[in-house]
Trainee: 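Would you mind keeping the following structure in view while I ask a few things?
Every chain is numbered from 1 and lettered A, B, ... according to where its sequence line falls, protein lines coming before strand lines.
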There are 2 protein chains.
Amino acid sequence: MILNKLVLLKFHFITSSKDPVGGYMFGIDLDRKSQVSLKRQIYQKLKDDILSGRVASGESLPSTRELAKFLAVSRNTVCEAYEMLLAEGFVLSNQGAATRVTEGLNIPKTFTEPLNNTLKNNYNVIADFRTGQPDLRNFPMFVWNRILYAAIQEMPLVELGYRAPEGLESLREEISSWLFRSRGIKADPQDIFITTGATNALHLISEMLYKEGKYILIEDPCHMGMLRALTNKGYPVSPVPVDKHGILSKHVHKKTAWGIYVTPSHQFPLGGILPAARRAELIQYVRENEIYIIEDDYDSEFRYCGEPIAPLYSMDPQRVIYVGTFSKVIFPALRVGYVILPHQLKRQWKHHRTHTDVQNSPYEQAALAKFLKHRKIDRHLLKMKKLYGERRKVLLQALGESFKDTWYSWGDATGLHIAIEFPGMCFDNEFLEKCKINGILLKSVDYHSINKGKHMDKLLLGYSHLEPEEIRRGVLVLYDFLKNYM
Amino acid sequence: MILNKLVLLKFHFITSSKDPVGGYMFGIDLDRKSQVSLKRQIYQKLKDDILSGRVASGESLPSTRELAKFLAVSRNTVCEAYEMLLAEGFVLSNQGAATRVTEGLNIPKTFTEPLNNTLKNNYNVIADFRTGQPDLRNFPMFVWNRILYAAIQEMPLVELGYRAPEGLESLREEISSWLFRSRGIKADPQDIFITTGATNALHLISEMLYKEGKYILIEDPCHMGMLRALTNKGYPVSPVPVDKHGILSKHVHKKTAWGIYVTPSHQFPLGGILPAARRAELIQYVRENEIYIIEDDYDSEFRYCGEPIAPLYSMDPQRVIYVGTFSKVIFPALRVGYVILPHQLKRQWKHHRTHTDVQNSPYEQAALAKFLKHRKIDRHLLKMKKLYGERRKVLLQALGESFKDTWYSWGDATGLHIAIEFPGMCFDNEFLEKCKINGILLKSVDYHSINKGKHMDKLLLGYSHLEPEEIRRGVLVLYDFLKNYM
């Protein structure tokens with residue numbers, strides 16, 4: 001990448017600055033040829049400066065007009081960057097006052113860091129609100145198959161033998177550049193290890209890191225499937241409560257842990273975006289204890305307003321294992337996912353992968369690499385985001401029409417489902433069983449809870465695999481059924 | 001299947017019979033339209049009768065001429081059936097005397113039984129004797145790719161979603177019928193579970209069956225990779241010594257075990273065929289202790305003389321987990337294998353598979369099902385058996401020419417490698433390291449031993465991936481290097 005413009009800024013902060021001379025040298029290198037948008041570059045630099053302490057807690061950022069002028073960009077660009085910081089809790093904004101840096105965010109970068117800134121059932125289904133079901137009918141099958149044929153035809157003979165457990169080189173490179181252009185994540189292809197999906201990744205991580213008698217800290221509620229992948233051998237779990245923003249990081253200090261499993265971009269199932277202060281607290285905690293955060297960015301691809309959330313990984317690539325999967329983006333049966341690993345874990349990972357299931361099959365990997373390389377994924381995601389966003393709206397509208405004001409939705413506008421609270425209701429196992437018998441497939445938040453009883457009034461409604469008409473019909477069926485309970 | 005001829009035999013045994021009237025009703029139903037050869041049908045029936053006690057220990061079988069006449073088959077057919085029984089130790093034969101049933105083989109069938117009878121290195125490689133490397137250059141890539149394209153084109157949309165952990169239905173059916181026609185194994189497709197290879201199978205089995213403080217009994221020497229797959233989490237191992245016939249079953253009683261891992265058709269790495277008496281002893285032991293035999297039939301496809309060996313599985317499908325893989329038959333990167341599971345383990349298996357890596361990818365499964373269905377696998381195996389058999393001969397001949405009479409080979413003429421003993425030699429780690437530096441890739445039997453020091457004089461020479469010329473050159477290189485030690 002060529003840096004074609006170096007902008008050095010000098011300006012005075014509006015409120016008290018810790019700089020003794022009352023000013024602050026503020027360097028932003030805007031690369032106007034980069035695939036990363038200008039707003040993301042500004043956001044990234046500001047965030048780094050906040051986290052590293054170069055901009056102190058409580059300090060104000062320059063006004064958007066001021067910064068736009070210095071950087072020679074539109075004011076809108078700066079506004080959007082500020083909104084991203086605001087959404088993630090790095091800054092606070094009050095009407096009329098300056099945008100200020102949130103307290104307690106400074107976590108000095110470690111020196112070792114190598115990166116710069118980084119249904120099946122027997123009932124007749126009449127309403128199917130299962131979560132995590134991408135719409136396969138809209139997958140570009142013709143394009144995918146054409147790419148897959150080409151990958152097969154070009155497959156070198158050597159790739160059909162025993163290969164390295166880290167995965168196909170070209171795929172690791174393409175994932176690296178896709179993560180960069182879509183989420184601003186800088187990950188060396190050599191740190192990316194291919195898996196057969198997120199479950200496989202979590203299973204291997206727990207095989208690798210679990211230590212006798214130590215706990216895995218996990219959000220409660222959380223995805224039960226992922227919980228089982230991490231604790232399948234009966235490893236002990238210590239649940240950490242979740243509020244509407246995500247994991248309550250102040251509760252993580254209780255137990256001796258080997259790791260923390262979190263979904264910070266879009267908490268499963270409640271949908272919160274983890275605020276920056278809590279992110280910093282988690283990073284601080286794992287550093288002090290020399291353990292790891294397992295960050296599952298399971299569906300951050302589908303964010304319907306604003307930019308994708310920056311992962312915890314970028315805050316400390318040596319203490320965060322980033323887990324990604326293509327199950328929701330391509331299709332579930334693909335069985336290709338990845339982890340981004342801290343350097344010190346790579347050798348151990350290779351050993352465990354080799355003696356667990358050796359490696360991935362070559363064809364899916366090669367085809368996916370091409371699908372990424374030719375930007376088919378970007379196009380597909382754009383289309384699906386629009387489609388899922390519309391379906392989400394249809395669902396919310398239909399709920400409003402049937403249930404009036406007896407409910408409200410949780411979480412950020414992201415993903416393939418919504419958590420809906422019906423205050424005063426109690427969705428227990430018996431209720432779910434009755435739903436099933438009546439042809440309504442859904443899960444409650446309580447189903448995905450470790451400590452039962454705290455989220456009895458919330459249902460999870462998946463909408464991604466349903467046409468608007470199916471959603472509307474489903475909501476009517478649900479209303480007919482639920483009104484007996486209300 | 002239609003039974004088109006029922007032959008009832010009555011004949012007198014030559015030696016003392018336990019039948020009070022000195023005769024024995026002996027029923028063999030020959031199905032002349034079956035895909036199973038007549039000799040295999042005869043062999044199967046006799047073996048069943050031996051194991052069930054219908055023919056007692058020490059009793060003689062009818063003469064081959066006699067039986068051939070009664071069955072209206074060629075005498076050669078009966079001879080071949082007897083030779084199969086002989087090779088596996090079910091009967092004993094002395095020149096001139098009658099063929100007699102080996103002592104101690106009777107294990108009554110259980111009633112619950114559902115089936116009837118069921119390198120990478122930085123050195124310049126000049127001689128590559130690695131084991132377990134199929135010859136990819138002779139794989140029918142054109143045929144395979146054509147089949148794979150068709151499988152992709154025909155893939156139903158539903159197969160791209162989350163599917164059952166047991167694998168593709170059509171593949172389970174085709175494996176069942178292939179096992180029957182090639183090895184006489186009767187396995188219900190519903191008992192066959194697809195895996196991503198043998199390593200994945202062993203990993204899941206140990207996840208599923210390991211019990212705190214209990215041991216896995218394992219042949220010593222054994223394949224180190226498979227040992228690690230079974231014990232990766234530090235589970236304790238109890239090694240059982242192996243002689244030229246395989247595991248010394250009398251040693252299995254020592255420890256409290258959760259399972260026994262064996263390679264009875266072709267012991268890895270020494271190559272023995274486990275005699276029937278020891279097979280019976282193993283079955284007896286796991287029945288008494290209500291544990292399982294894990295039978296790895298890893299390369300029994302490549303047997304260069306005689307018929308494939310009948311697996312332990314057929315002796316007790318409720319106490320044996322049969323593990324098979326297509327890594328050596330198709331190609332290693334395919335990542336498709338299977339287990340045949342006892343009924344009582346199926347539910348647990350599905351749970352563990354779901355929370356370990358969910359399922360296999362669909363394309364390889366569908367293509368493999370077609371490859372089996374259209375008998376492409378039979379044709380390919382026939383070709384490769386011939387090819388590998390020739391290479392084996394070339395290796396033995398080349399060893400004779402270079403090393404004269406300073407060595408001898410171990411094991412049955414099966415598989416992709418031979419264990420060669422050089423009496424008086426000591427192939428330790430330092431030796432292997434020196435080999436590597438000198439561009440010779442090989443492993444010793446000691447490398448694959450748990451208790452070191454007992455097989456210091458044996459090397460493992462893989463030949464399957466080498467052209468005759470490469471084998472001859474490799475042996476010359478090896479001789480040049482080894483003569484310094486002799």
Trainee: Out of A:Leu227, A:Asp357, A:Val158, which one racks up the most heavy-atom pairs below 4.5 Å with chain B?
Mentor: A:Asp357
Trainee: Can the ring centres of B:Tyr463 and B:His417 be said to be less than 6.0 Å apart?
Mentor: no
Trainee: Of the backbone (N, CA, C, O) and the side chain (C-beta and beyond), which part of B:Gln153 lies under 4.5 Å from a heavy atom of chain A, both, or neither?
Mentor: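 For B:Gln153, backbone and side chain are both near chain A.
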Trainee: So which residue, A:Leu160, A:Thr199, A:Thr354, ends up with the most heavy-atom pairs under 4.5 Å with chain B?
Mentor: A:Leu160
Trainee: Taking NZ, NE, NH1 and NH2 as the nitrogens, is one of them in A:Lys328 or A:Glu301 under 4.0 Å from a carboxylate oxygen of the other?
Mentor: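 Here A:Lys328 does not pair with A:Glu301 in a salt bridge, since their nearest N and O are not under 4.0 Å apart.
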Trainee: So among A:Trp144, A:Phe331, A:Phe326, which one has a ring pair (Phe, Tyr, Trp, His ring centres under 6.0 Å) with A:Phe371?
Mentor: A:Trp144
Trainee: Which of the residues A:Leu202, A:Leu230, A:Asn145 is involved in the greatest number of heavy-atom pairs with chain B at under 4.5 angstrom?
Mentor: A:Asn145
Trainee: Which bit of B:Thr195 is near chain A, if near means a heavy-atom gap under 4.5 Å: side chain, backbone, both or neither?
Mentor: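 When you check distances to chain A, no heavy atom of B:Thr195 falls under 4.5 Å.
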Trainee: Below 6.0 angstrom between ring centroids: does that apply to A:His355 and B:His203?
Mentor: no
Trainee: For B:Tyr210, is it the side chain, the backbone, both or neither that has a heavy atom under 4.5 Å from a heavy atom of chain A?
Mentor: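 Its backbone and side chain both get close to chain A.
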Trainee: Please state whether the side chain, the backbone, both or neither of B:Leu334 comes within less than 4.5 Å of a heavy atom of chain A.
Mentor: backbone
Trainee: Which of the residues B:Thr356, B:Asn360, B:Ile330, B:Leu204 is involved in the greatest number of heavy-atom pairs with chain A at under 4.5 angstrom?
Mentor: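 So the answer, after comparing B:Thr356, B:Asn360, B:Ile330, B:Leu204, is B:Thr356.
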Trainee: Would you say B:Arg347 has more than 12 foreign heavy atoms packed within less than 6.0 Å of its CZ?
Mentor: no
Trainee: What residue, out of A:Ala201, A:Ser361, A:Gly337, has the most heavy-atom pairs lying under 4.5 Å from chain B?
Mentor: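 Ranked by heavy-atom pairs under 4.5 Å with chain B, first place is A:Ser361.
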Trainee: Less than 6.0 Å separating the ring centroids of B:Tyr363 and A:Tyr363?
Mentor: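 B:Tyr363 vs A:Tyr363: aromatic centres not under 6.0 Å.
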Trainee: Heavy-atom pairs under 4.5 Å with chain A: which of B:His351, B:Gln359, B:Met208, B:His465 has the most?
Mentor: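 Looking at each option in turn, the highest pair count goes to B:Gln359.
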Trainee: Give, as side chain, backbone, both or neither, the part of B:His352 having an atom under 4.5 angstrom from any heavy atom of chain A.
Mentor: both
Trainee: Between chain A and each of B:Asn232, B:Thr196, B:Val336, count heavy-atom pairs under 4.5 Å; write down the option with the most.
Mentor: B:Asn232
Trainee: Side chain, backbone, both or neither: which part of A:Met226 has a non-hydrogen atom closer than 4.5 Å to chain B?
Mentor: neither
Trainee: Please report the C-alpha distance between A:Asp297 and A:Tyr322 in whole Å, then the side-chain angles of each, then the deciding distance to 0.1 Å, and finally whether the side chain to side chain contact (heavy atoms under 4.5 Å, CB included) criterion is met.
Mentor: CA-CA 7 Å; A:Asp297 214 8; A:Tyr322 182 89; 2.3 Å; yes
Trainee: Please classify the contact between B:Met155 and chain A as side chain, backbone, both or neither, with a heavy-atom cut-off of under 4.5 Å.
Mentor: neither
Trainee: Which atoms form the tightest heavy-atom contact between A:Gly462 and A:Leu466, and what is the distance?
Mentor: O-CD1, 3.8 Å
Trainee: A quick test of your reading: do over 12 heavy atoms of other residues, nucleotides or ligands sit less than 6.0 Å from CZ of B:Arg379?
Mentor: no
